[in-house]
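Predicted model only: the values in this text are computed from it and were never measured. Naming convention: chains lettered A, B, ... in sequence-line order (proteins, then strands); numbering from 1 in each chain.
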Number of protein chains: 2
Amino acid sequence: MQQSYKIAIVDDHTLLASSLEQLIVSFGNCRVLHISKNGKDFQQNLVNHVEKPDIVLLDINMPVMDGFETALWIKENHPYIKVLTLSMEDDESSIIKMIHKGAKGYLLKDSPPDTLKLAIEEIMSNGFYHSDLVANTLVQAFQKGPVASELGLKDTELQFVKLAATERTYKEIAAEMNLSPKTIDGYRQDVFKRYNLKNRVGLVLFAIKNDLVEV
Amino acid sequence: MQQSYKIAIVDDHTLLASSLEQLIVSFGNCRVLHISKNGKDFQQNLVNHVEKPDIVLLDINMPVMDGFETALWIKENHPYIKVLTLSMEDDESSIIKMIHKGAKGYLLKDSPPDTLKLAIEEIMSNGFYHSDLVANTLVQAFQKGPVASELGLKDTELQFVKLAATERTYKEIAAEMNLSPKTIDGYRQDVFKRYNLKNRVGLVLFAIKNDLVEV
DNA sequence: TACCCATACAGGTAAAACCCTATTATTAAA
DNA sequence: TTTAATAATAGGGTTTTACCTGTATGGGTA
C-alpha cells in the first residue's frame with residue numbers, strides 16, 4: 001500500500017460525516033483519524049489522539065465553534081495541519097474568509113467524489129488545491145473595480161476623498177484642488193454625514209473599503 | 001476552419017513580437033491583427049483598424065505607456081477586449097497589479113508555446129486563464145499574515161496602532177488601554193518618528209499596508 | 001551605590017480637524 | 001422672470017491632534 005494520508009473530519013452533520021468517512025477510506029490511500037462535531041470537539045480530539053491529521057475536512061456552519069474560528073485556530077496552533085474546507089456556501093465572502101484564515105482548498109459539498117480525492121492529493125503534493133471556484137473568486141475580488149459613482153460621490157467629492165486618504169492636510173488638499181479650504185470643509189461635512197463617518201480615520205477606511213484608493 | 005480568434009500584440013521587443021506572431025498563426029485558430037510597440041501605439045492601432053482584437057498580448061515593461069497603464073485603459077475604454085499579460089516579471093506585485101487592472105491571465109515569457117495556445121482558448125471559453133502562477137500568487141497575497149513584530153512594534157504599541165486605525169479618539173484609546181492620554185501621546189510620537197508618519201492618516205495607511213488591521 | 005535606560009505621565013501650545021449656521025453665484029426649472 | 005436647487009465660501013467656535021520639554025518610577029548593571 002502506498003503512503004497513507006491521515007484525515008480528520010469536522011462536521012456537525014453526523015450522517016454526512018460518516019458517509020464521507022466511507023468515501024475517503026474507499027480511496028485506498030487515506031485513513032480517517034477522527035470525526036468532530038465542531039471546532040471545540042476537534043480540539044479535544046486532537047489532544048485525545050497521538051496521531052495528528054495531515055488534512056482536516058472542515059465544514060463552516062457549525063454550532064459552538066464554527067469553521068472560520070477553527071481554521072484560524074489551526075493556522076495559529078498547528079500550522080502543519082492543512083485545512084480543506086467542505087461547505088455548502090459558495091459565496092465570495094465565505095470563500096475569501098476561509099482562504100484568508102489559511103485554508104488550503106475549498107470544496108463544495110455537491111462536488112463529485114473524485115474531486116475530493118484529487119483535492120487531497122493536490123494539497124499533499126503541492127500544498128494547495130486550485131479549484132476554479134477559488135481561483136475565480138479571488139480573481140473577481142481582486143478585480144472589483146472602483147465603485148465611486150455607485151456610492152453617490154460626485155467627481156469633485158471623489159477627488160477630495162482620494163486626497164483625504166493621504167497625509168495631506170485639508171489646507172493642502174484645498175490648494176491642490178484650487179478651492180477654498182472652506183469649500184473642502186463643506187465637502188468633508190457632507191461626506192461625513194452621508195456615510196456616517198466620525199472623523200478622518202473613518203474617511204480613510206471608507207475610501208479603502210470601497211476601493212477608492214490603492215493601498 | 002474553426003472559429004478564428006483575433007489577437008493583437010503589444011511589445012516593444014520587435015523581434016519577439018514578430019516571432020510571437022508566427023507562433024500564434026501556427027496555432028491555426030488565431031489571426032494577428034496588429035503589433036504595437038507600446039500602449040500609445042496600440043491606441044492608435046485600435047482606431048486605424050476596423051476589426052477589434054479579442055485578446056491583447058500585453059507586455060509590461062515598455063517605454064511611453066507601459067503595460068499597467070495600458071491594461072487599465074483597455075479595461076475602462078474597451079472592456080470587451082481581453083488582456084493576456086506576457087511578461088518576464090514573476091514578482092508578486094506585478095502579477096497582482098495586472099490582475100487588479102483587469103488582466104484575464106498572466107504568462108511568463110519563458111512558458112512553453114502550447115501554454116499560450118491553451119491560455120488563449122481558456123480565456124475565450126471561460127473568461128480567464130487560471131495558471132498556477134496567478135493562483136498561487138493571489139492565494140499567498142491573501143494569506144499573508146501580520147508582520148507586527150518584524151516591524152519592531154512592542155505589544156503595547158501594536159495595540160495602540162490597531163486602535164488608532166479606528167474612529168476612536170486618542171482619549172478613548174487611552175481609556176481602552178487603561179493608560180493616561182499622555183502615555184498614548186508618547187506612543188504616538190514614537191511611532192510617528194520611527195516610521196516617518198506625518199499624521200494619523202499616515203498611521204492608518206501604515207497599519208493597513210503592514211496588515212496590522214483588517215479592512 | 002550610582003548610573004543608565006525604558007516606561008508612564010505632565011504642562012503648555014500651535015495647528016489641524018471638526019461642526020454649525022449663514023451668504024453669494026450659477027444654473028436649471030417653473 | 002421668479003423660484004429652487006446646487007456649488008463655493010465665510011464667520012466663528014470647540015475639540016482633537018500634534019509637538020516639545022521635563023519629571024517620577026522601576027528595573028537592570030558596572
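- The listed nucleotides are C:dC20, C:dG11, C:dC18; the one nearest the side chain of A:R188 is C:dC18.
- Summary of the strand contacts: A:K171 and A:L197 both lie near DNA chain C, and taking for each the nucleotide with the nearest heavy atom, the more 5' one is attributed to A:K171.
- Taking atom CD1 on A:I173 and atom P on C:dA16, their separation rounds to 12 Å, with Å as the unit.
- Along DNA chain D, read 5' to 3', the first and last nucleotides having any atom under 4.0 Å from a heavy atom of chain A are D:dA7 to D:dG12.
- Phosphate contact (OP1/OP2 of C:dT7, side-chain N/O of B:T183, threshold under 4.0 Å): absent.
- The phosphate of C:dC18 has OP1 or OP2 within less than 4.0 Å of a side-chain N or O from A:Y170.
- Under the 3.5 Å distance criterion, the side-chain polar atoms of B:E89 are left unmatched by any main-chain donor or acceptor of B:S94.
- Salt-bridge formation is not detected for the pair A:K101/A:E69: no Lys NZ or Arg NE/NH1/NH2 atom is positioned less than 4.0 Å from an Asp or Glu carboxylate oxygen.
- More than 12 heavy-atom neighbours from other residues, nucleotides or ligands sit within 6.0 angstrom of NZ on B:K52.
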*Let me see the working for A:D185 and A:R188 under salt bridge (charged side-chain N to carboxylate O under 4.0 Å, His left out), right down to the final yes or no.*
CA-CA 5 Å; A:D185 191 50; A:R188 187 194 54 74; 3.0 Å; yes
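- A salt bridge does not link A:R194 to A:D190: none of the charged nitrogens lies less than 4.0 Å from a carboxylate oxygen.
- Side-chain atoms of A:D185 and base atoms of C:dC18 include no donor and acceptor less than 3.5 Å apart.
- Counting only heavy atoms from C-beta on, B:S180 has its side chain closest to C:dA10 among C:dA16, C:dC18, C:dA10.
- At the heavy-atom level, B:R200 lies under 4.0 Å from the strands shown only through sugar-phosphate atoms.
- Atom CD1 of A:I184 and atom P of C:dC19 are 16 Å apart (whole Å).
- Close to C:dT7, at under 4.0 Å from its OP1 or OP2, lies no side-chain N or O of B:Y187.
- Remark on DNA chain C: of its neighbouring residues A:T169 and B:K154, the 5'-side contact belongs to B:K154, judged by nearest-heavy-atom nucleotide.
- Taking the ring axis of A:F128 as reference, the NZ or CZ atom of A:K104 does not stay both within 45° of it and closer than 6.0 Å to the ring centre.
- Between the NZ atom of B:K182 and the P atom of C:dT7 there is a distance of 19 Å, rounded to whole Å.
- Taking a cutoff of 4.0 Å between a charged side-chain nitrogen and a carboxylate oxygen, A:K109 and A:D11 qualify as a salt bridge.
- Distance B:Q189 CD to C:dC9 C1': 12 Å, rounded to the nearest Å.
- What separates CG of A:D190 from P of C:dC18 is a distance of 14 Å, to the nearest Å.
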